[in-house]
S.K.: 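Submitted below is the structure of interest, expressed as structure tokens.
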Amino acid sequence: MVYCNWGKFHAAIGIYKLAIVQQLSTMVVLNIKRGNESQFLLETTVQAPVEEVLNRTVMIHNGRLKVYRICTEMELLAEHGPSLPPEMQGLTEDQIKDLQLEDNWAKICIASGGVKENKDVCGRRNGCQPLEKMQEVLLKTVAEAKAIVSKEQVKSSVCLTEQHICDALDILRGAIMIVYPMNLPPHDPIRKELENREVLSGTQDEKLVLEASMTQLWFAGKEMQCGKKLLDYLGKNEKSKVIMKIQKRGQGPPGREPMLTEEQQKALMAAEFKRREELKRLDNDDDDSYLNSAWADNHQLHRRFQGLDNISWKPH
């Protein structure tokens, strides 16, 4: 199942760029969450139709997942080389020999600068690991692509756009062409992803992917209906930042936002712990020497009125 028409994805970028230029001075920021976890920030306008915002949200969400899937496979590529043909995956060397199977692509798809042997215990890749310089190219690119689409961008108040997804995919594609000028085998998951031939049916990744027709946007405990505009829910104030949640249709409303943020909860727990420790220390402190202090004498005021507070009974 190819979950997104990436040709339309690229065509949509130009439209959204124009809309961004027109609305640059007045944009509302949407904090898109799935569950209680922020995924990314999205800039739009309150005049935008709900279905447009929903389509953009799903497209960027699925694009982030695509980037992360490629990054995971590229880390394995740097470790164990290209993927084996499907009929050879998971087989032992004896089984491959008995079945007379051969990986013809291993002789064609060789990393620049040479390879060294590093067998894949899972039996998915051919064990022809690129040399250290090419490994570094792959891993540095993976880190850069992950940073572009990271959830940490929410904390930095960086809004994610369709162009960010395309940029991340482009640098990943460029790294593959640097390390493997002859490209990867057609059956390699990375090449399938980059050519939009990936099939996710029956995998855990399929459960994370969203389809616009089966996805709902929620704001303040209410489902946002297609056919309406954001201003019907958010009002006319463009300079605002709101939380919206995405949910698969049929799963019911998402959970409400907690009253306290995670940082506030941690601060409250720390203060409560400190208070309990202080009470425990006071309970364990049985020193009663303070009873001999002047401020603890109940008759001090009475003696002062009678002029008896400074009398010494010691002999001269």
S.K.: Do Tyr68 and Leu160 belong to the same hydrophobic cluster, where Ile, Leu, Val, Met, Phe, Trp and Tyr are linked whenever their side-chain heavy atoms lie under 4.5 Å apart, directly or via other members?
M.R.: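 Yes, because Tyr68 and Leu160 connect within a single hydrophobic cluster, where side-chain heavy atoms sit under 4.5 Å apart.
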S.K.: Provide the closest heavy-atom pair for Ile243 versus Phe219 in the form atom of the first, atom of the second, distance.
M.R.: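 Taking every non-hydrogen atom into account, O-CD1, 3.4 Å.
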S.K.: Honestly curious: do Val242 and Leu217 fall in one hydrophobic cluster under the side-chain, below-4.5 Å linking rule?
M.R.: yes
S.K.: So, His61 side chain and Ile246 main chain: donor-acceptor pair closer than 3.5 Å or not?
M.R.: no
S.K.: Over all heavy atoms of both residues, which pair between Phe40 and Val154 is shortest? Give the atoms and the distance, please.
M.R.: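 In terms of heavy atoms, the two residues are closest at CA-CG2, 3.6 Å.
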S.K.: Using a 3.5 Å distance criterion without hydrogens, assess whether the side chain of Lys116 forms a donor-acceptor pair with backbone atoms of Cys128.
M.R.: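 Between the backbone of Cys128 and the side chain of Lys116 there is no qualifying donor-acceptor contact (under 3.5 Å).
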S.K.: For the pair Glu206 and Gln204, evaluate side chain to side chain contact (heavy atoms under 4.5 Å, CB included) and give the outcome as yes or no after the intermediate values.
M.R.: CA-CA 5 Å; Glu206 182 186 20; Gln204 289 295 321; over 6 Å; no
S.K.: What is the distance from atom CG of Leu210 to atom CG of Asn62, rounded to the nearest 0.5 Å?
M.R.: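 The CG atom of Leu210 sits 5.5 Å away from the CG atom of Asn62.
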S.K.: Among the clusters formed by ILVMFWY side chains lying less than 4.5 Å apart, do Val179 and Leu76 turn up in the same one?
M.R.: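 No, no single cluster joins them.
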S.K.: For a side-chain contact (heavy atoms from CB on, under 4.5 Å) with Leu84, tell me which candidate from Gln89, Arg125, His187 qualifies.
M.R.: Gln89
S.K.: Do the side chains of Leu194 and Asp188 get nearer than 4.5 Å, heavy atoms only?
M.R.: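 Heavy-atom side-chain distance check fails, nothing below 4.5 Å.
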S.K.: Identify whether the distance between the nearest side-chain nitrogen and carboxylate oxygen of Glu278 and Arg281 falls below 4.0 Å.
M.R.: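 A salt bridge links Glu278 with Arg281.
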S.K.: Using a 6.0 Å cut-off, check whether atom CD of Glu195 has over 12 heavy atoms from anything other than its own residue.
M.R.: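 Buried by this count: over 12 neighbours within 6.0 Å.
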S.K.: Ignoring hydrogens and angles, tell me if any N or O in the side chain of Glu52 forms a donor-acceptor pair with the backbone of Pro49 under 3.5 Å.
M.R.: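 Not a single qualifying donor-acceptor pair exists.
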S.K.: For the pair Lys229 and Asp232, find out whether any cationic side-chain nitrogen is under 4.0 Å from an anionic carboxylate oxygen.
M.R.: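 Looking at Asp232 together with Lys229, the answer is no, because their closest N to O distance does not fall below 4.0 Å.
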S.K.: State yes or no: do Ile176 and Val115 share one hydrophobic cluster built from I, L, V, M, F, W and Y residues joined by side-chain heavy-atom distances below 4.5 Å, directly or via other members?
M.R.: no
S.K.: To the closest 0.5 Å, what do you measure between CD1 (Ile148) and CD (Gln163)?
M.R.: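 Ile148 atom CD1 to Gln163 atom CD measures 10.0 Å (nearest 0.5 Å).
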S.K.: For Thr141 and Ala175, indicate whether the former's side chain and the latter's backbone hold a donor-acceptor pair under 3.5 Å.
M.R.: no
S.K.: Give the intermediate values and the outcome of side chain to side chain contact (heavy atoms under 4.5 Å, CB included) for residues Cys109 and Asn183.
M.R.: CA-CA 6 Å; Cys109 304; Asn183 209 340; over 6 Å; no
S.K.: Would you kindly confirm whether Tyr180 and Met177 end up in one hydrophobic cluster when ILVMFWY residues are joined by side chain heavy atoms under 4.5 Å apart?
M.R.: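 In one cluster: no.
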S.K.: Hey, is NZ on Lys248 packed in by over 12 heavy atoms from elsewhere, all under 6.0 Å?
M.R.: yes
S.K.: Hydrogens and angles aside, do Arg124 and His80 bring a side-chain donor and acceptor to less than 3.5 Å of each other?
M.R.: no
S.K.: Return yes if some donor-acceptor pair links the side-chain N/O of Tyr233 with the main-chain N/O of Val50 below 3.5 Å, else return no.
M.R.: no
S.K.: Is there side-chain contact between Glu144 and Ile171, with at least one heavy-atom pair below 4.5 Å?
M.R.: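 Yes, their side chains come closer than 4.5 Å.
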S.K.: Let me confirm one number: the CZ-CG distance from Arg69 to Leu208, rounded to the nearest 0.5 Å.
M.R.: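 That separation rounds to 8.5 Å.
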S.K.: Going by an N to O cut-off under 4.0 Å, is there a salt bridge joining Glu263 and Lys266?
M.R.: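 So Glu263 does not pair with Lys266 through a salt bridge.
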S.K.: When you measure from the side chain of Arg64 to the backbone N and O of Met59, does any donor-acceptor pair fall under 3.5 Å?
M.R.: no
S.K.: How many angstroms lie between CG in Leu41 and CD1 in Ile60, if you round to the nearest 0.5 Å?
M.R.: 10.5 Å
S.K.: Less than 4.0 Å between a side-chain N and a carboxylate O, is that true for Arg56 and Glu51?
M.R.: no
S.K.: Search all heavy atoms of Asn126 against all heavy atoms of Ala106 and return the closest pair with its distance.
M.R.: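 Scanning both residues, the minimum pair turns out to be ND2-CB, 4.0 Å.
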S.K.: For Gln39 and Glu37, work out which heavy atoms get closest and say how close.
M.R.: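 For Gln39 versus Glu37, the nearest heavy atoms are NE2-O, 3.3 Å.
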S.K.: When rounded to the nearest 0.5 angstrom, what distance separates CE in Met244 from CH2 in Trp218?
M.R.: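 Rounded to the nearest 0.5 Å, the CE-CH2 separation comes to 13.0 Å.
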S.K.: Could you grab the distance from atom CG of Asn31 to atom CG of Leu42, nearest 0.5 Å is fine?
M.R.: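 Spacing of CG (Asn31) from CG (Leu42) equals 10.5 Å.
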S.K.: Check the pair Leu54, Met224 against side chain to side chain contact (heavy atoms under 4.5 Å, CB included), reporting the backbone distance first and the verdict last.
M.R.: CA-CA 9 Å; Leu54 176 61; Met224 305 180 73; over 6 Å; no
S.K.: Is Arg276 salt-bridged to Glu272, going by a charged N under 4.0 Å from an acidic O?
M.R.: yes
S.K.: Under a 4.5 Å cut-off applied to non-hydrogen side-chain atoms, are Asn237 and Val46 in contact?
M.R.: no
S.K.: Hey, are Glu277 and Lys280 close enough for a salt bridge, meaning a charged N less than 4.0 Å from a carboxylate O?
M.R.: yes
S.K.: Mind listing the closest non-hydrogen atom pair of Thr215 and Arg249 along with its distance?
M.R.: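 Closest approach of Thr215 to Arg249: O-NH2, 3.6 Å.
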S.K.: If you compare all heavy atoms of Gln216 against all heavy atoms of Gly250, which two are closest, and at what distance to 0.1 Å?
M.R.: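 Heavy atoms only, the tightest pair is OE1-N, 4.4 Å.
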S.K.: Going by heavy atoms in the side chains, are Gln265 and Leu268 under 4.5 Å from each other?
M.R.: no
S.K.: Can you tell me if Arg197 uses its side chain to pair, donor with acceptor, with the backbone of Pro186 under 3.5 Å?
M.R.: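 Yes, Arg197 side chain to Pro186 backbone: donor-acceptor pair under 3.5 Å.
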S.K.: Side chain of Gln129, backbone of Ala78: donor and acceptor closer than 3.5 Å?
M.R.: yes
S.K.: Can Thr161 and Glu43 be counted as having a side-chain donor-acceptor contact under 3.5 angstrom?
M.R.: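 No pair is found: no donor N or O on one side chain lies under 3.5 Å from an acceptor on the other.
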S.K.: When you check the gap from the basic side-chain N to the acidic O, do Glu102 and Lys107 get nearer than 4.0 Å?
M.R.: yes
S.K.: Could you tell me whether the side chain of Met88 reaches within less than 4.5 Å of the side chain of Asp103, counting heavy atoms only?
M.R.: yes
S.K.: Do you know which of Leu169, Val209, Ile165 makes side-chain contact (heavy atoms from CB on, under 4.5 Å) with Lys66?
M.R.: Leu169
S.K.: Side chains of Met74 and Cys71, heavy atoms from C-beta outward: is any pair under 4.5 Å?
M.R.: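 They are not in contact (no side-chain heavy atoms under 4.5 Å apart), so the answer is no.
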S.K.: If only atom types and distance count, is the side chain of Thr45 paired as donor or acceptor with the main-chain N or O of Ala48 below 3.5 Å?
M.R.: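 Checked: no pair found.
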S.K.: Treating Gln135 as the side-chain partner and Glu79 as the backbone partner, does any N or O pair qualify as donor plus acceptor under 3.5 Å?
M.R.: no
S.K.: Could you check Leu172, Ile178, Leu77 and say which one makes a side-chain contact (heavy atoms from CB on, under 4.5 Å) with Leu138?
M.R.: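 Single side-chain contact (heavy atoms from CB on, under 4.5 Å) partner of Leu138 among Leu172, Ile178, Leu77: Leu77.
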S.K.: Decide yes or no for Ser83 and Pro185: does some side-chain heavy atom of the first lie under 4.5 Å from some side-chain heavy atom of the second?
M.R.: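 No. Closest side-chain heavy atoms not under 4.5 Å.
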S.K.: Between Lys119 and Glu93, does any side-chain N to carboxylate O distance fall below 4.0 Å?
M.R.: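 The answer is yes: the pair qualifies as a salt bridge.
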S.K.: Checking side chain to side chain contact (heavy atoms under 4.5 Å, CB included) for the pair Val67/Lys146: CA distance, chi angles, key distance, verdict?
M.R.: CA-CA 7 Å; Val67 170; Lys146 284 184 176 180; 5.8 Å; no
